[in-house]
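To start, the structure under review is shown below, and the notes come after it.
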2 protein chains.
Amino acid sequence: MTTGDAPQGRDDGTSGGSGGRPGPPPDDARPATLRDVATLAGVSVPTASKALNGRPDVRESTRRRVEDAAARLDFTPNTLAQGLSARRSGTVGLLTSDLDGRFSIPVLMGAEDAFGFERTAVLLCDARGDAIREQHHLRALLARRVDGLIVVGERPDVRASLGRVPVPVVYAYAPSDDPADCSLVSDHEGAGRLAVEHLLATGRRCVGHISGDPGYGATRDRAEGARAALASAGLELAGGRPLLGAWSEEWGRGATRSLLRAEPGLDAVFAGSDQVARGVLDALREEGRRVPDDVAVVGVDNWEAVATGARPALSTVDLDLQHLGRVAAQRLQAAMGGSPSRGVERLPGRLVVRASSAPRG
Amino acid sequence: MTTGDAPQGRDDGTSGGSGGRPGPPPDDARPATLRDVATLAGVSVPTASKALNGRPDVRESTRRRVEDAAARLDFTPNTLAQGLSARRSGTVGLLTSDLDGRFSIPVLMGAEDAFGFERTAVLLCDARGDAIREQHHLRALLARRVDGLIVVGERPDVRASLGRVPVPVVYAYAPSDDPADCSLVSDHEGAGRLAVEHLLATGRRCVGHISGDPGYGATRDRAEGARAALASAGLELAGGRPLLGAWSEEWGRGATRSLLRAEPGLDAVFAGSDQVARGVLDALREEGRRVPDDVAVVGVDNWEAVATGARPALSTVDLDLQHLGRVAAQRLQAAMGGSPSRGVERLPGRLVVRASSAPRG
DNA sequence: TTGTACGCGTTATCAA
DNA sequence: TTGATAACGCGTACAA
């Protein structure tokens, strides 16, 4: 209702027969087409098209008439029809495996806003981690003639390539097993290094590592990063090796207690996730250690609710998955434009310092 | 030009000039069209169409030939073209306001799987809570000729209606302010009743309510449900009134301590969210109360990571937002089919009992 | 049973 | 500068 009377009255008067009174405007009217605009402006359809698309070979006065008519009819070009002749849908598919997971969402958000929605819309499908369903969705997306595809894995480990697909594909979060594909992942090893270097910088010397499921590649990578950072300072992990278990608070608590028994002088813990870190913090408090005065703690994920609700607030490595999603979208656009990338690209996280790793003092 | 030489080179041999050797198949070939299929099968395009669409008026042997040809060419009908003539895109828009929020995701998942993806795909857009951007996205969705629209609000409060839109709209999670629209929301009052009735059933008599932001309608509704349930049993809220503050653990801890001072006999707390409930649990433990032996606790949300990580595991009301999303999709499909609903429909949650509210014993 | 003709809404080409 | 014509890929009415 902004401008006034725009929409329906395309046919002023002509509609005659059906309704009778001019009262309730026939809003069942279908959206205005270019032909409606052309007719109203008194030009041919192609001319109307050129005028609205800002092509130079059209008289100014004509263009004005057409634009006017378009505005009056609230004309919006039918994207499907445009796509049909242009042979592109202006659409990309987002094939995810775990919408419920916390990880695919930021990636998805980043991707979604990297494409200006005007030009490229996002078709969402969640395969629920089922390969069959994924194939199903893939076919459906191709039937819709998506111009490209982003595949978001459910966990940060290598996954099966989609294989030959007639449109460009970018893998995000979980890399493809085919090195010819383009994949974007977080630098987990770098995350481990980042965390431990920070702990060392605050003067810690006895640094343990408690992390989650040893089956995850990210678990191993983060541990390796931690080990390397310590090695550069001539140190080793407290306890001699990382304590790997599950991505849960409970594991964090239990592992912390064993580690304290083995290394009473412990003055820092790098936890493999914020959830694990929560467990670490709780166990430390209950064992009478003060954080950060006695022991500093750093997690991974920067899961807001968890990190800021912790006591004290948790320092953590933010993997910046939203940025990862944005970059994925950029790579995909480049590929759609004819400049594909290939191989695995690792994106760095960034440290978010809160109270749990403040320097002693 | 009608039948003779289809597009280019997909047909064996003729491509000649460019490549040279017949080695690598020209996979840059555009997807097969119905015309390609018809040509290969030696029939006309409409016949091929009928054959593939299972229409009866086609000889069996012909149908076989066509299906065969389609399979050989890996033919997939172009949904855009189908939609163009059918005047429907087979697409619905999902207009959300806070992808990062935990609440819109389940709704979105439910909606996504209620539409069989084959027939209806979901176009995702996140307005980031910005009304301008929402208008933008709305226009873009309409340009893509979505057949319907689901609007997922960012918090469980009344939001502005989109107003007149040429396709059916369903509001989920946050209801529209226009009673003529169709809205689906959680029954927050019912959730409060559910929680308190459960606490009473386990023998509790001194029940407090600690909840979040008093500006939320859901906060008031849950409190009212709690009050009503107590009243039915001839009781009042411990402390005389609900303690409202913020959706944080910290608030949960602080409020719990005040409540214990005011009501030393407290034997149950209904927390307005799982996060608040976590704070309640921690404070109770630190004040020396055992859960559930001394005090039982029930939350709202069934936020897995939070509820199962709690000590003890947290009983909670699951609002079943995924189901809400499914129902929203069903209502939308009905509306698209010509049978619109209107008004606000409230969907019940369900109680998930864990250790924190086990009967004393 | 099969094919011809046409429409869906838009853009590109080329002649006027 | 403008418009007739064709094409994009498919479905449907109707004639053969």
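Each chain gets a letter, A, B and so on, in the order its sequence line appears, and its residues count up from 1.
Rounded to a whole Å, the CG atom of A:Leu84 is 9 Å from the C1' atom of C:dC8. Between B:Arg65 atom CZ and C:dT1 atom P the separation is 14 Å, expressed in whole Å. Regarding A:Arg88, its CZ atom lies at a distance of 15 Å from the P atom of D:dG9, rounded to whole Å. With rounding to whole Å, A:Leu80 atom CG is found 10 Å from C:dT10 atom P. Note: CD (A:Gln82) to P (C:dA12) measures 10 Å, nearest angstrom.
Considering only side-chain N and O atoms, A:Thr62 lies nowhere under 4.0 angstrom from the phosphate OP1 or OP2 of D:dT1. An OP1 or OP2 oxygen of C:dC8 is reached within less than 4.0 angstrom by a side-chain nitrogen or oxygen of A:Arg35. Phosphate contact (OP1/OP2 of D:dG9, side-chain N/O of B:Arg30, threshold under 4.0 Å): absent. Within the 4.0 Å cut-off from OP1 or OP2 of D:dG11, at least one side-chain nitrogen or oxygen of B:Ser49 is found. At D:dC8, none of the side-chain N or O atoms of A:Arg145 fall inside 4.0 Å of OP1 or OP2 (strictly under the cut-off). For A:Asn78, no side-chain nitrogen or oxygen approaches OP1 or OP2 of C:dC8 to under 4.0 Å. For the pair B:Arg87 and C:dG9, the criterion of a side-chain N or O lying under 4.0 Å from OP1 or OP2 is met. A sub-4.0 Å separation between OP1 or OP2 of C:dG3 and a side-chain N or O of B:Ser44 is present. For the OP1/OP2 pair of C:dG3 and a distance below 4.0 Å, the side-chain nitrogens and oxygens of B:Thr47 include at least one atom meeting the criterion. Contact annotation: A:Arg55 side-chain N/O to C:dA12 OP1/OP2 distance is under 4.0 Å. OP1 or OP2 of C:dC8 has not a single side-chain nitrogen or oxygen of A:Thr33 nearer than 4.0 Å.
Taking every side-chain heavy atom of A:Arg59 into account, D:dT1 is the closest of C:dT13, C:dT2, D:dT1. Comparing C:dT10, C:dT4, D:dA4 by their nearest atom to the side chain of A:Pro46 picks out D:dA4. Considering only side-chain atoms of B:Lys50, the nucleotide from C:dG9, C:dG3, C:dT13 that sits closest is C:dG3. Among the nucleotides D:dC10, C:dT10, C:dT2, the one closest to any side-chain atom of B:Val58 is C:dT2.
Comparing B:Ala86 and B:Pro56 by the nucleotide of DNA chain C whose heavy atom lies nearest to each, the residue mapping closer to the 5' end is B:Pro56.
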